[in-house]
Amino acid sequence: MADMLVARDIVKIYGKRTVLKKVNMNIQKGDIYGFIGKNGAGKTTFMRVILSLTYPQSGDVKLFGDKTLQEVGLKVGSLIEAPGIYKNLTGEENLRRFSILYGADPDKAPELLKLVGLNNTGKKKVKDYSLGMRQRLGIAIALIGDPELLLLDEPINGLDPEGIKEIRDLILKLNEEKGITFLISSHLLDELGKVVTKYGIINDGEMLEEIDAEELREKCKQKLTIEVDDLAKAMSIAAKIVKEENLSGNKHIMTVEGEVSKAAELNTALVKGGVAVKAIYPNSDTLEEYFMKRIGE
Amino acid sequence: MSRLLKVYLRNIFKQKGYYVCTGISLLIGVIIPFIISLFIKSTDTITLASRIVDSFKVDIIIVIFVTLFVCSDFTDGTAKNFIARGYSRRQILYGKYLASLIAVGVYFLGCLAFTLAFFAKDGLNFTISDLYMILAAIATAVASTGLYVIVANTAEKVSTGIAVNIIMFSFFSLLLEGLTTLLKLNINLSNYWITGLTGLMGEKAVLVDLFKVIGIAAVYLVLLFEISNFIIKKKEVK
C-alpha cells in the first residue's frame, strides 16, 4: 500500500520541555489511524507539526510518498483543536469562502452541510452555533475539495451521542466509499475502537507502539481468568505450567496473560493440587485497559 | 495566490469596521467641513478641499480597519485553515498586504470623490505640483499600510496591533520631531519616518522630492518585509 504520511524522528521542544521525542509515524492509504495518548502526551503538537502550524526542532514529514505539505496541501483536510471559522458568517458562507480558498466548487457547500447534518441551519450565524455544531462545521470545512487525507484532532468533542454516531458513520463511509485515509486523535477510546484500523500510542512525547487493530484485538484476547479458593497455592502450581511473569493475582482471581491454550492443563493441575477452581474463562482487555497497561498505569 | 487574494478581499470588504471607519472619515473630513463652509464663505475651495483630502491620511482610520482585518484571521482561528492547506506564511502576509492596499485605495478614491462632489462645484485648478503631492501621498500610504499590516500580523491581537500602530508610532514621530528641535538640525527627522514622508515635499512640490519620497518608501517596504518574513518564518499558528 502507498505511504500517505511518514514522519521520522520528530522532535519538538518548548522552552526546556521536550514535547515530542523522536516520534515516528507511518500511515498507509486507506488506514483509519487512531492516535491515542493522555492529555499533554503530544498528540496535538504532533498533528500541528504535520500541518506546518508549528515547526519541529528536527525530523521530517513526507506526505503522499515524498511530498511536502506545500506541494499537496489541498489534498489534506484537517480539524485541529477548535475549528477555525468566520463567526459572523453562516455555515454555508463559511464553506463557500473556504471553497474559493481551496480551489473547490463553492456550490457544493449545501451538499457538505447536509453531509455533517447542518443543512437546516439557514441564516443562523456561526457565533450562535453550539459547540457540537461548530465541530460539525469544522469537519465540513476539512472535507472541502475532496481531500485524500484527513487529520482530525478530537473530532467528536462536544458532540452528543447521536452526533458521535453520525460522525463515526461518516468516517467509515468516507473511508469505504471514497478511500479517504484518516488520522484521528481522541480520548474516547471505545468510540475510536469502533472505526480504527491502526493505532499509535503516544505517552509523554514518545511513540510507544504502532499496532494494527487486528493485532491489538489478538493481544487483548489472550488472557485467562481463574477464580480459585487459595490464590497463593494456585499461583505456585500455575508457575510450573506457564511463565511466571505472565501470572498475576488479586484476592481470589488469578490472571494468566497470553497462554489461553493452556486452560485445560492448568485446570487439571490446580484440581490435582487441591485447589478448588470456581470458574475458568478467557477474556480480553478493552482498548482502555490495554492503553493503561502500555503507558504503565 | 489569486484565490488567497480573492478570499482576503471578500473578508475586508464584508467587514463592518471598514464601512464604519470610512463613514467616520467622510463625516469628519467632508460633511462637517462642508456644513462649516456654508457658513464661512471661502473663495479658495480647492485649497480647503486639498487640506481635507490631506486629512484623510488620518492614519488612525486606516490603522483601525487594516488591523481589524489582519487580526481577524487570528481571532477567528482561521489562519490555521490557510497554513494547513499549504499556503505559506509569506503568501498569507503578501495576500493581506495586497488586500489592505486595495481597500486603502478604494477608501482614498471614495473620500476623494466625496470631496470633489462637495467642494469642486466651481471647477478644478489642478497643478503639476498637486499631482506630485498626491503621488507622494500614495507612496507614503503604500509604505505605511505595509507597516500597519506587518505590525498587526505580528501582534495577532487587535488591541495590541492598534496600540502599537497608533500610540507607538505617533510617539516615535513626536520623538523624532523632539530630536530635531533638540539637536537644532536643518532637516526634520520625522519627515523621514515612514508615516511622515509627505513632509519631504516642499511648499511647491517638485519631481526630485517625489523621487526621494518614492525611494525612501521603497526602502522601508523592502526592509519591513524582510524583517517580517524572518519573524513569521517559524512562528506558531494558533
Side-chain angles (χ1 to χ4, degrees), chain A residues 12 14 19 44-45 47-57 63-64 67-89 93-104 106 126-127 134 137-138 140-142 144-145 147 149-153, chain B residues 1-21 65 67-96 98-99 102 153-154 156-158 229-238:
Chain A
K12 178 70 193 173
Y14 285 114
V19 181
T44 302
T45 305
M47 289 171 111
R48 288 173 59 80
V49 166
I50 293 169
L51 295 168
S52 297
L53 297 172
T54 188
Y55 287 99
Q57 268 69 22
L63 297 159
F64 300 90
K67 297 192 170 67
T68 62
L69 181 74
Q70 279 66 40
E71 290 169 313
V72 295
L74 296 175
K75 289 194 207 168
V76 182
S78 61
L79 171 64
I80 301 292
E81 297 167 315
I85 36 189
Y86 296 111
K87 296 180 185 71
N88 282 319
L89 302 182
E93 285 166 345
N94 262 283
L95 290 175
R96 284 184 178 277
R97 203 161 288 187
F98 285 114
S99 294
I100 295 169
L101 183 70
Y102 302 159
V126 170
K127 63 183 175 192
R134 288 183 189 201
L137 183 59
I141 291 170
I144 292 173
L149 173 65
L150 265 183
L151 277 70
L152 305 175
D153 182 24
Chain B
M1 189 70 182
S2 65
R3 291 198 293 247
L4 192 67
L5 186 60
K6 210 168 165 182
V7 167
Y8 278 143
L9 284 175
R10 275 181 188 232
N11 286 359
I12 200 162
F13 284 113
K14 288 202 170 182
Q15 180 186 278
K16 272 186 205 158
Y18 179 71
Y19 298 99
V20 171
C21 288
F65 73 68
T67 308
L68 282 173
F69 156 66
V70 171
C71 293
S72 65
D73 248 8
F74 302 106
T75 49
D76 284 333
T78 45
K80 64 185 171 202
N81 294 6
F82 291 68
I83 302 275
R85 289 272 185 151
Y87 287 102
S88 70
R89 287 156 174 77
R90 188 186 280 245
Q91 281 176 313
I92 288 171
L93 179 67
Y94 291 154
K96 284 179 178 175
L98 283 178
I102 293 170
N153 198 56
T154 310
E156 295 184 5
K157 283 183 184 164
V158 175
N229 281 327
F230 178 75
I231 294 171
I232 61 171
K233 202 163 62 180
K234 300 264 163 168
K235 209 166 180 223
E236 296 258 337
V237 176
K238 296 271 159 46

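For clarity, every value in this text was computed on a predicted model and none was experimentally measured. Labels below follow one simple rule: chain letters A, B, ... track the order of the sequence lines, proteins then strands, and each chain is numbered from 1.
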K.L.:
Which bit of A/Ile141 comes within less than 4.5 Å of chain B, counting heavy atoms only: side chain, backbone, both or neither?
P.N.:
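For A/Ile141, heavy atoms of backbone and side chain both lie under 4.5 Å from chain B.
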K.L.:
When rounded to the nearest 0.5 angstrom, what is the spacing between CD in B/Gln91 and CD in A/Gln70?
P.N.:
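That separation rounds to 8.5 Å.
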K.L.:
Which bit of A/Leu69 comes within less than 4.5 Å of chain B, counting heavy atoms only: side chain, backbone, both or neither?
P.N.:
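Interface part for A/Leu69: both.
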K.L.:
Do you know which of A/Asn94, A/Leu51, A/Leu101 has the most heavy-atom pairs with chain B at a distance under 4.5 angstrom?
P.N.:
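When all of A/Asn94, A/Leu51, A/Leu101 are compared, A/Leu101 has the most.
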K.L.:
Step through the shown structure and confirm whether more than 12 heavy atoms of other residues, nucleotides or ligands are within 6.0 Å of NZ on A/Lys87.
P.N.:
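It does: A/Lys87 NZ has more than 12 such atoms within range.
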K.L.:
Are A/Arg48 and B/Glu236 close enough for a salt bridge, meaning some N to O gap below 4.0 Å?
P.N.:
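Salt bridge present between A/Arg48 and B/Glu236.
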K.L.:
Distance check, rounded to the nearest 0.5 Å: A/Leu74 atom CG versus B/Tyr87 atom OH?
P.N.:
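Spacing of CG (A/Leu74) from OH (B/Tyr87) equals 6.0 Å.
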K.L.:
Of all heavy-atom pairs between A/Ile80 and B/Lys80, which one has the smallest distance, and what is that distance?
P.N.:
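The answer is O-NZ, 3.0 Å.
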K.L.:
Tell me whether B/Lys235 at atom NZ has more than 12 heavy atoms from other residues, nucleotides or ligands lying less than 6.0 Å away.
P.N.:
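Enclosed: over 12 neighbouring heavy atoms sit under 6.0 Å from NZ of B/Lys235.
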K.L.:
Quick check on B/Ser72 against chain A: is it the side chain, the backbone, both or neither that has a heavy atom closer than 4.5 Å?
P.N.:
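Nothing of B/Ser72, per the 4.5 Å heavy-atom cut-off to chain A.
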K.L.:
Could you tell me the separation between the CZ atom of A/Phe98 and the OG1 atom of B/Thr78, rounded to the nearest 0.5 Å?
P.N.:
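Output value for this atom pair is 5.0 Å.
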K.L.:
Can you see which heavy atom on B/Asn11 is nearest to which on A/Arg97, and at what distance?
P.N.:
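Shortest heavy-atom contact: OD1-NH1, 2.6 Å.
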K.L.:
What closest approach, in Å, do A/Ile100 and B/Arg3 show between heavy atoms, and which atom pair accounts for it?
P.N.:
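Closest heavy-atom pair between A/Ile100 and B/Arg3: O-CD, 3.0 Å.
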K.L.:
Quick check for you: to the nearest 0.5 Å, what is the distance between B/Asp73 atom CG and A/Tyr86 atom OH?
P.N.:
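Reported to 0.5 Å precision, the distance equals 5.0 Å.
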K.L.:
With chain A, which of B/Lys238, B/Lys14, B/Arg89 has the greatest number of heavy-atom pairs at distances under 4.5 Å?
P.N.:
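Looking at each of B/Lys238, B/Lys14, B/Arg89 in turn, B/Arg89 comes out on top.
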K.L.:
Which heavy-atom pair separates A/Pro147 from B/Arg85 by the least distance, and what is that distance?
P.N.:
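Distance-wise, the nearest heavy atoms are CG-NH2, 4.5 Å.
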